[in-house]
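The next block holds one structure in the form of structure tokens; read it before the comments.
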Amino acid sequence: GRLSPRDTLGLAMQLFDMLADAHRHVGVIHCDIKPENLFLEPTRRPPPRLKLLDFGIARLSRGKSHEHEGPAYGTPLYAAPELWESAAVSPATDLWSCGLVVFYMLVGAEFWRSAYADRLAFEATVLDAPPASRRARELGVLLPESFDPWFAECLKRAKEQRFQSAEDAWERLEAIVARWPDQDRPLPDAPGVTAREPEVVVAAPEGANIPSAEEHTTLTAWLRAKGPMGHGDVGRVTADLVAPMAVLRAARRRMHGTLE
């Protein structure tokens with residue numbers, strides 16, 4: 001599935017706002033931004049509340065401590081070149097990943113073709129990324145070409161040439177996407193191209209009790225759950241997804257005899 005432009009902006013605004021605080025006020029670079037680390041909390045009105053988790057390989061952006069002490073990659077599909085090369089990181093490291101996450105929201109599929117680490121490393125560190133609109137068309141989605149310059153700036157190989165702040169990246173993204181027509185509908189299918197089917201379909205069991213707002217679901221599961229979603233669908237889908245997660249957690253607690 002993929003999101004409407006309006007809901008993409010709603011989630012992207014929250015993501016860039018959190019990164020602006022982390023980068024500017026805390027001095028932390030996350031280094032592993034990906035859909036699986038973006039957790040969604042149901043709200044009364046869409047979009048859901050977004051939370052950024054898993055700071056396990058985060059680095060400080062001040063002083064010498066922002067350089068890697070060894071190979072510490074992020075997730076290959078979302079890792080910037082400096083993570084592959086164990087080089088110094090900066091806020092632009094996270095903004096590379098954000099560009100790929102926004103593409104994923106709009107298109108419903110990862111940008112890179114290969115999931116093999118050696119091929120991804122070659123594409124990220126040697127090759128120039130193709131225009132986002134071209135890759136989206138290959139995946140069966142018509143992504144406006146106006147998105148291409150923003151995406152290209154996120155994915156510059158040299159981090160000094162990318163956006164240098166989350167605020168700047170967000171302002172440019174909003175100015176582009178907010179002008180697209182049909183804000184409440186997902187981007188249309190590309191004619192003559194068969195869109196890639198999601199690998200996993202998640203749905204709440206019939207009659208399941210919906211948990212409280214403390215339960216969450218990942219962005220990945222959310223997008224895989226349904227087909228292209230309009231603006232009014234997102235809250236319902238989020239509520240549908242948290243139910244099976246609660247069942248899995250309850251089963252895990254029974255197996256281990258512990259409370260989480």
Side-chain angles (χ1 to χ4, degrees), residues 8 11-24 26-38 50 52-61 66-68 71-107 109-136 143 147-174 176-177 219-220:
T8 296
L11 294 179
M13 179 179 65
Q14 297 179 65
L15 175 58
F16 284 113
D17 187 56
M18 286 186 288
L19 287 178
D21 285 340
H23 294 164
R24 184 183 298 275
V26 184
V28 169
I29 312 300
H30 188 279
C31 294
D32 196 20
I33 294 174
K34 58 183 178 180
E36 291 84 354
N37 283 339
L38 301 177
L50 186 145
L52 177 59
L53 303 183
D54 193 0
F55 282 76
I57 64 170
R59 295 289 185 271
L60 296 177
S61 61
H66 77 297
E67 295 189 6
H68 291 299
Y73 305 146
T75 300
L77 283 167
Y78 293 88
E82 54 270 23
L83 291 173
W84 289 102
E85 298 166 350
S86 298
V89 299
S90 75
T93 303
D94 285 343
L95 299 180
W96 168 289
S97 305
C98 286
L100 294 167
V101 168
V102 172
F103 178 91
Y104 181 77
M105 291 180 187
L106 289 167
V107 177
E110 276 87 8
F111 177 79
W112 301 115
R113 290 176 176 172
S114 176
Y116 293 100
D118 55 351
R119 175 64 183 175
L120 281 168
F122 180 72
E123 290 193 49
T125 61
V126 177
L127 300 180
D128 290 326
S133 59
R134 184 200 306 170
R135 182 56 52 83
L143 179 65
F147 182 79
D148 290 346
W150 181 88
F151 185 80
E153 189 159 344
C154 288
L155 264 64
K156 294 285 188 181
R157 284 201 302 272
K159 61 181 181 292
E160 296 80 12
Q161 297 177 4
R162 297 178 214 146
F163 292 110
Q164 295 301 297
S165 72
E167 296 96 332
D168 188 22
W170 160 247
E171 289 174 2
R172 290 270 301 278
L173 176 67
E174 182 185 30
I176 293 167
V177 177
L219 177 62
T220 304

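Keep in mind it's a predicted model, so treat the numbers as computed, not measured.
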N/O donor to acceptor pairs below 3.5 angstrom from side-chain atoms of residues 13-22, sequence neighbours left out:
unit_1	atom_1	unit_2	atom_2	d
Q14	OE1	L50	N	2.8
Q14	NE2	G10	O	3.2
Q14	NE2	P48	O	3.0

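Remark: R134 engages no residue in a salt bridge (charged side-chain N to carboxylate O under 4.0 Å, His left out) (not counting sequence neighbours).
Here the straight-line distance linking atom CG of N37 with atom OG of S97 works out to 10.0 Å at 0.5 Å rounding. Taking CG of L155 as the reference point, atom CG of L100 lies at 5.0 Å (rounded to 0.5 Å).
When each of K159, E82, R162, H30 is checked for a side-chain hydrogen bond (donor to acceptor under 3.5 Å, both in side chains) with T93, only E82 meets the rule. Among F151, Y78, W96, W112, the single residue meeting the ring-ring contact (aromatic ring centres under 6.0 Å, His included) criterion with F103 is F151.
Side-chain atoms of D148 do not come within 3.5 Å of backbone N or O of P131 as any donor-acceptor pair.
S90 places none of its side-chain heavy atoms less than 4.5 Å from the side chain of I29. Between P76 and W84 the shortest side-chain heavy-atom distance falls below 4.5 Å.
Here the closest non-hydrogen pair linking A132 and F111 is CA-CE1, 4.1 Å. Closest heavy-atom contact between L143 and S133: O-CB, 3.3 Å. Looking at every heavy atom in both residues, C31 comes nearest to L83 through O-CD1, 3.5 Å. Considering all non-hydrogen atoms of both residues, C98 and I33 come closest at SG-CD1, 4.1 Å. Of all the heavy atoms in Q164 and A92, the pair that sits closest is NE2-CB, 4.2 Å.
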- Check step by step if side chain to side chain contact (heavy atoms under 4.5 Å, CB included) holds for L173 and V102. CA-CA 9 Å; L173 176 67; V102 172; 4.1 Å; yes
- Item | Verdict with reasoning, F147 to L106, per side chain to side chain contact (heavy atoms under 4.5 Å, CB included) | CA-CA 11 Å; F147 182 79; L106 289 167; 3.9 Å; yes
